[in-house]
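Let me begin by presenting the structure, written as structure tokens, before commenting on it.
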Amino acid sequence: MSGSRIVALGHYQPPKVLTNDDLAVLVDTDDEWIRTRVGIRTRHVAEAETLVDLATEAAQKALARSGRTADEIDLVVVATCTAVERSPNTAAAVAARLGVRAPAAYDINTVCSGFSYALATADHAIRAGAARRALVIGAERMTDTLDWTDRSTCVIFGDGAGAAVVEAQEEGAEPGIGPVVWGSEPEKGDAVVITGWNPVISQQGQSVFRWATTQLAPLARQACERAGIDPSELKGFVPHQANLRIIDAIAAKLGLADAVVARDVVDSGNTSAASIPLAFSKLVERGELSPGDPVLLFGFGGGLAYAGQVVRCP
Ligand code: UT7
């Protein structure tokens, strides 16, 4: 079974930006609280753009950068927890927009860990010979789930999308996507809820914070072990962008040596399943990571689910 690799990344954020001061007009909050507790300064908010628009824009960029064309794609996977339409699913709608012919197309919802789950399923499909080249997308309109009078959530989330073109590698080549470490603690599922029609997000912030800062570093380390790499050898660490304090706590526990740590939460807020490909794509675009660099991706959140893998930078 030959492995797969990420050939290119792309991302898209809607142009409207909300600052902390903008939010302080809506609810009883302030820039100081948001920056010190979560690390966020701004977030992007979709207006007319649909979830499919966001996903398509990001996928189009990844595809253009990959040098491949839509008719070379045979699998489209979209990680999202904010799809409104049940049919066609987001992946099929994106495929239709891009002109991808006869792809396997499905959505996956493991909330904030969705992109790492989606990437693993695409890698597995390629290894099994069920696909050759995939578009793997994380896209969210988290602001659809917000109660703009609830200061504990409306300051945290944002909208956006990131995408990767993933393709089969030569037999015997070093895998570009390492083994996934994934799982969940379903008994803690009520710590993050987005339920019902017209769902509104709520979370037990402190218990998720405790879980993230105490339970996840050993799992992230396991993903490195399974890829045969020590965390000190990583060149990049792109965790889910939930909270700067969580990112820094996990990074410190991993014992990174000279890895670039993604801190896109500062500019983009928490974009759930979009946060990892969005942050990863920006680091590559800015030249902060180079082709072949080992990068640890690690998603976590609602479920409470987690997933991570070491990938080689495109
Ligand atoms: O991506 C999905 C997974 N989710 C996560 O990873 C989230 C993990 N949790 C967190 O990131 C943090 O728990 C939060 C950022 C959600 C909250 O930060 P916190 O330091 O845990 O604050 P807290 O919920 O304990 O609230 C502390 C105080 C409370 O006031 P009292 O009861 O002490 O008077 C809140 O009412 O801060 C208050 N508060 C705010 N104050 C100003 C809550 N939200 C705000 C706000 N502005 N926006």
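Each ligand, and each atom within it, is numbered from 1 in the order the structure gives. These numbers come from the heavy atoms of this one structure, side chains and all, not from hydrogens, waters or symmetry mates. Residues take their numbers from the sequence shown, with the count starting at 1.
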Which is it for T29 and ligand 1 at heavy atoms under 4.0 Å: side chain, backbone, both or neither? both
Just let me know how I156 lines up against ligand 1, side chain, backbone, both or neither, with a heavy-atom cut-off below 4.0 Å. side chain
Using side chain to side chain contact (heavy atoms under 4.5 Å, CB included) as the criterion, point out the one residue from T69, V7, I73 that pairs with L63. I73
Examine the proximity of ligand 1 to I246 and report which part, side chain or backbone, both or neither, has a heavy atom under 4.0 Å away. side chain
I want to know if ligand 1 touches G205 in the polar sense, i.e. an N/O pair below 3.5 angstrom. yes
Can an N or O of R245 be found at a distance shorter than 3.5 Å from an N or O of ligand 1? yes
List the closest protein heavy-atom neighbour of atom 19 (P) of ligand 1: residue, atom name, distance to the nearest 0.1 Å. R37 NH1, 3.6 Å
Is there a protein heavy atom at a distance of less than 4.0 Å from atom 43 (C) of ligand 1? yes
Below 4.5 Å, heavy atoms only, C-beta onward: do C154 and L26 meet side chain to side chain? no
Where is the nearest protein heavy atom to atom 11 (O) of ligand 1: which residue, which atom, and how far? N243 ND2, 2.7 Å
Among all the protein's heavy atoms, is there at least one whose distance to atom 6 (O) of ligand 1 comes out below 4.0 Å? yes
Is there a side-chain contact between D293 and R312 (heavy atoms, below 4.5 Å)? no
State whether any protein heavy atom lies less than 4.0 Å from atom 31 (P) of ligand 1. no
How about I201 and D150: do any of their side-chain heavy atoms sit closer than 4.5 Å? no
What part of W33 sits under 4.0 Å from ligand 1 if we count only heavy atoms: the side chain, the backbone, both or neither? side chain
Report, as yes or no, whether the 6.0 Å neighbourhood of atom CZ on R35 holds more than 12 heavy atoms from other residues, nucleotides or ligands. yes
Distance to 0.1 Å, residue and atom name: give those for the protein heavy atom nearest to atom 36 (O) of ligand 1. R151 NH2, 3.0 Å
